[in-house]
Every structure is written in structure tokens, then in C-alpha cells.
Amino acid sequence: MSQDQPRGEIVIDLDAIRHNVRRLREIAAPAAVLAVVKADGYGHGMVPVARAARAAGAEWIGVAVLEEALALRATGDRGPLLCWLATPGEPYDAAIEAAVDLTASSVWQLAEIAATAERLGARARLQLKVDTGLSRNGAPLEEWPELVTQAVRAQATGVVTVTGVWSHLACADEPDHPSVKVQEAAFVEALAVAEAAGLEPEVRHLANSPATLTRPSSHLDVVRCGLAVYGLTPVPQLSSAAELGLRPAMSVQSRLAAVKRVPPGSGVSYGHSYVTERETTLGLVPLGYADGVPRHVSNRAEVSVAGRRHRIAGRVCMDQFVVDLGDTDARPGDPVELFGAGGGDRPTAQDWAEAAGTISYEIVTGVRGRAIRRWVGADA
Ligand SMILES: *Cc1c(COP(=O)(O)O)cnc(C)c1O
């Protein structure tokens with residue numbers, strides 16, 4: 001495949017990442033921004049995204065797992081970096097030595113981190129996570145006082161510094177959902193328990209992207225933003241990315257692999273779930289579900305060809321799908337945009353999410369396979 005004319009390309013605009021981080025800093029101020037770059041930067045590339053986010057003033061970076069934190073440190077990243085998901089027996093050594101902020105969601109996890117720090121003769125940076133109602137990770141409220149007590153003890157012996165206390169919201173994308181207020185109140189109580197026990201964490205944080213954009217009361221010291229950093233709306237039912245002042249950073253580009261004129265009544269792709277109503281032009285796009293084009297968008301999603309939207313015709317296959325181009329004058333090699341920055345008559349990842357019956361998070365993290373990733377912008 002020619003690098004100049006790739007069959008499929010995932011283009012990441014790092015200037016858009018910078019723009020979005022600046023926008024989030026404006027919205028969150030005086031709270032700091034933690035840019036979440038887990039899952040390879042939501043499919044955008046963890047390392048270039050983290051670099052662009054830091055350059056735009058994200059004070060913190062957040063990742064889910066240890067390997068992600070260490071991979072980022074290996075590229076020279078030295079700033080505050082939080083990691084939050086671990087299973088029993090994880091090797092914390094390298095992360096403690098690299099000054100990664102680890103998270104303890106339970107007494108056993110705290111004990112493992114403290115024991116590793118003690119063995120290394122080091123002091124682990126540690127944040128405590130409380131479950132205020134998501135019922136996912138985080139110490140349950142009943143266990144919280146004990147986790148706090150053990151953290152105070154470990155801090156007194158010099159094996160950890162408690163740098164933060166945090167929690168995560170269940171329904172921030174529905175700002176009026178009653179659970180949001182309940183979680184905010186539970187977090188205030190959990191903080192009071194920590195402070196009464198003598199902890200003075202540098203940072204307290206609760207907000208994800210939707211809470212950052214819709215609930216200033218949740219901002220506290222740091223906001224943890226993932227989706228909004230990538231320029232997508234976490235509250236599509238309320239505001240588009242453009243209305244929020246965000247710019248989608250990822251676009252997926254391809255080129256027509258074949259073009260043909262077909263008569264009315266032509267069945268298209270496996271199962272003939274699409275049959276042409278009139279004489280029309282079909283274009284073949286050489287990306288399929290193995291490349292992260294969800295099969296669920298068959299007959300539903302639209303792509304942009306020559307500046308206009310055209311619907312996918314028939315089933316998405318493993319390597320390719322067909323688009324009904326009507327009477328468009330198209331040729332093999334013509335550019336196709338599956339989704340991207342939007343504007344004009346061009347679909348976004350949010351449009352694709354709606355076509356697939358999912359969220360834009362899953363669309364952008366799902367892109368993979370044979371398309372080539374290319375980064376553009378000042379940090380590329
Ligand atoms: C993924 C994640 C985030 C970011 O969520 P967005 O909705 O993408 O902003 C924040 N905090 C935690 C704990 C996460 O796992």
C-alpha cells in the first residue's frame with residue numbers, strides 16, 4: 001500500500017486536542033484539568049495526546065492501568081500522573097519509583113502498595129477512591145473509615161503520601177439525574193471523614209467530562225476529562241461538540257476502491273439487505289468491521305464523498321462496505337470521510353454512535369485494524 005494514498009487513514013489533529021484542553025481549562029478554572037489518555041488515548045494515541053494535553057496546560061494526566069502509566073513515563077513524561085485500576089498482586093515497584101499516583105480503592109490494595117514502598121525504601125504517592133454510588137471501583141462507604149485509618153497509619157510510617165481523594169459519577173451525562181446530587185453529598189461526607197482523620201490531600205476530584213461541562217459544583221480541585229479532550233460531546237442530548245466549543249480530533253479517511261453503475265433492483269452486499277430502488281452509482285469503501293467499522297451501522301451510517309453525505313448500502317463486511325452514491329460523479333480513488341470534525345455535510349463520531357446505537361466513546365476507541373494512524377498539528 002502506498003503511504004501517499006493509503007486505503008484507510010485515521011488522522012488525529014493534535015491542535016484540536018490542544019484547543020479542547022484550553023477550552024476545558026477555561027470552563028473548569030480555578031480547578032486544574034486531568035486529561036484522561038487511557039485506552040491509547042481513546043484510540044487517538046496515548047503518547048502524542050498526553051504531550052499535546054500537557055503543552056496546552058493539562059496539569060494532570062490520567063490512565064486506567066499501570067502499563068499505561070509506565071509506557072507514558074518511558075517517553076519522558078514527568079508530570080503528575082494518576083492511575084486507578086489494579087488487580088491483586090500487581091507489580092507496583094516501577095510505578096512507585098516513577099512517582100505515579102496510585103489509587104487504593106480498598107484496604108488490601110493500600111496494604112499491597114504500602115508493602116511494596118516499604119520494601120523499596122520509597123514513599124508511594126497514593127490517592128484514595130471512595131464509591132459514592134457508582135457501585136464500580138472505590139471503597140464502599142462502610143469500608144471508607146477503615147481505608148482512611150490505614151492510609152493515615154501508612155503515611156505516618158513514611159511509606160505513602162496521600163495526595164488525593166476522589167470518586168466517580170454514575171449519571172453525569174444526565175445532569176438532572178437525582179443520583180448526581182446524592183453522589184456529590186456523599187463525597188463531601190467522605191472528604192470530611194478523611195480530613196477529620198488528619199489527611200490533607202492536595203487534590204479532591206469527582207468530575208468527568210459531562211460533569212465538567214454541566215455541573216460547576218462538581219469541579220473541586222481537578223476535573224478528569226476524557227471524551228471532551230478528544231472534542232466529542234459527552235451530553236449529545238443537550239449540546240453538540242460545536243455548541244460546547246470543542247473540536248473533534250479524529251477523522252477516519254479512505255478512498256473508493258471501486259465505483260459501478262447498477263440497475264434498479266440490485267441487491268447489495270451479503271444478505272441483500274439493501275436493494276437499489278433506481279439506477280444508481282455504488283462506491284466501495286475498503287474498511288470493514290475488522291477495522292472498527294461497526295457492523296451495526298449497516299444501512300444506517302453516512303459517509304462524506306465529494307462534500308456530501310451518502311448512506312451505507314447493505315451490510316458492513318469484514319474488510320469493506322458499499323455506499324449508495326446516487327448520481328454522484330465518482331471515480332475509484334476519490335476520498336471518503338467516514339467521520340471527522342463535522343461541519344458542512346460531514347458526519348461525526350457522534351452521528352456514527354447514533355447509527356450504531358452506542359456512544360461516541362466506543363466508536364473512536366474501536367477504530368483499529370489496517371488503517372494507518374497519522375498525527376497532524378504542532379505536537380505531531
Ligand atoms: C474514563 C474515566 C474518566 C473520563 O471520563 P469521560 O467521560 O471520558 O470524561 C474519568 N474518570 C475515570 C475514573 C475514568 O475511568
Side-chain angles (χ1 to χ4, degrees), residues 24-25 28 30-38 50 53-54 58-66 68-69 72-73 77-86 92 95-96 98-107 109-114 116-117 122-132 134 136-141 143-156 158-169 183-184 186-209 211-212 218-226:
L24 291 164
R25 284 180 65 210
V33 169
L34 176 151
V36 180
V37 301
K38 64 190 179 190
R54 293 266 198 222
E59 243 174 75
W60 287 80
I61 297 289
V63 293
V65 300
L66 280 176
E68 292 172 324
L72 199 51
R73 284 298 196 228
D77 181 276
R78 292 279 163 269
L81 173 57
L82 175 66
C83 173
W84 52 71
L85 187 60
Y92 289 109
I96 291 172
V100 173
D101 282 54
L102 301 168
T103 298
S105 282
S106 63
V107 171
Q109 218 162 17
L110 168 66
E112 285 193 359
I113 294 166
T116 308
R123 213 181 229 281
R125 290 175 60 89
L126 180 72
Q127 303 208 7
L128 304 180
K129 182 173 184 190
V130 57
D131 181 2
T132 52
L134 177 61
R136 207 175 66 177
N137 213 356
L141 292 172
E143 195 184 322
W144 180 244
E146 180 59 15
L147 177 59
V148 166
T149 303
Q150 295 298 337
V152 168
R153 199 166 290 167
Q155 184 160 266
V159 292
V160 307
T161 302
V162 177
T163 54
V165 171
W166 64 283
S167 188
H168 195 36
L169 295 167
Q183 285 198 260
E184 281 179 350
F187 189 57
V188 168
E189 277 186 37
L191 281 173
V193 169
E195 280 156 23
L199 293 180
E200 290 170 353
E202 287 163 35
V203 289
R204 305 155 302 154
H205 48 105
L206 181 61
N208 51 5
S209 294
T212 301
S218 70
H219 289 178
L220 304 171
D221 300 318
V222 176
V223 296
R224 301 186 309 269
C225 295

Across all chains, not counting sequence neighbours, the side chain to side chain donor-acceptor pair (under 3.5 Å) partners of Arg25 are none
With sequence neighbours left out, the residues meeting side chain to side chain contact (heavy atoms under 4.5 Å, CB included) with Glu195 are Leu191, Arg204
Carefully, step by step, assess Leu206 and Glu184 under the rule side-chain contact (heavy atoms from CB on, under 4.5 Å). CA-CA 8 Å; Leu206 181 61; Glu184 281 179 350; 3.9 Å; yes
State which residues pass salt bridge (charged side-chain N to carboxylate O under 4.0 Å, His left out) with Glu112; sequence neighbours excluded, sorted by chain then number. none
Can you sort out the partners of Trp166 under ring-ring contact (aromatic ring centres under 6.0 Å, His included), two or more places apart, ordered by chain and number? Trp84, His205
For Glu146, check side chain to side chain donor-acceptor pair (under 3.5 Å) against everything at least two apart and list the hits. Gln150
Side chain to side chain donor-acceptor pair (under 3.5 Å) against Gln183, all qualifying residues, sequence neighbours excluded: Thr132
Residues which pass salt bridge (charged side-chain N to carboxylate O under 4.0 Å, His left out) with Arg224, listed by chain and number, not counting sequence neighbours: none
List the residues meeting side chain to side chain contact (heavy atoms under 4.5 Å, CB included) with Ala117, not counting sequence neighbours, and say none if there are none. Ile96, Ala124, Val159
If I take atom CG from residue Asn137 and atom OG from residue Ser167, how far apart are they, to the nearest 0.5 angstrom? 10.0 Å
Check side chain to side chain contact (heavy atoms under 4.5 Å, CB included) between Ala50 and all other residues, then give those that pass, not counting sequence neighbours. Val37, Ile61, Leu72
Apply side chain to side chain contact (heavy atoms under 4.5 Å, CB included) to Thr161 and list each qualifying residue two or more places apart in sequence or on a separate chain. Arg123, Gln155, Thr163
Partners meeting ring-ring contact (aromatic ring centres under 6.0 Å, His included) with His168 (sequence neighbours left out): none
Would you find a donor on one side and an acceptor on the other, under 3.5 Å apart, between the side chain of Glu143 and the backbone of Val107? yes
Among all residues two or more places apart in sequence or in another chain, which pass the side chain to side chain donor-acceptor pair (under 3.5 Å) test with Asp77? Arg54, Arg73
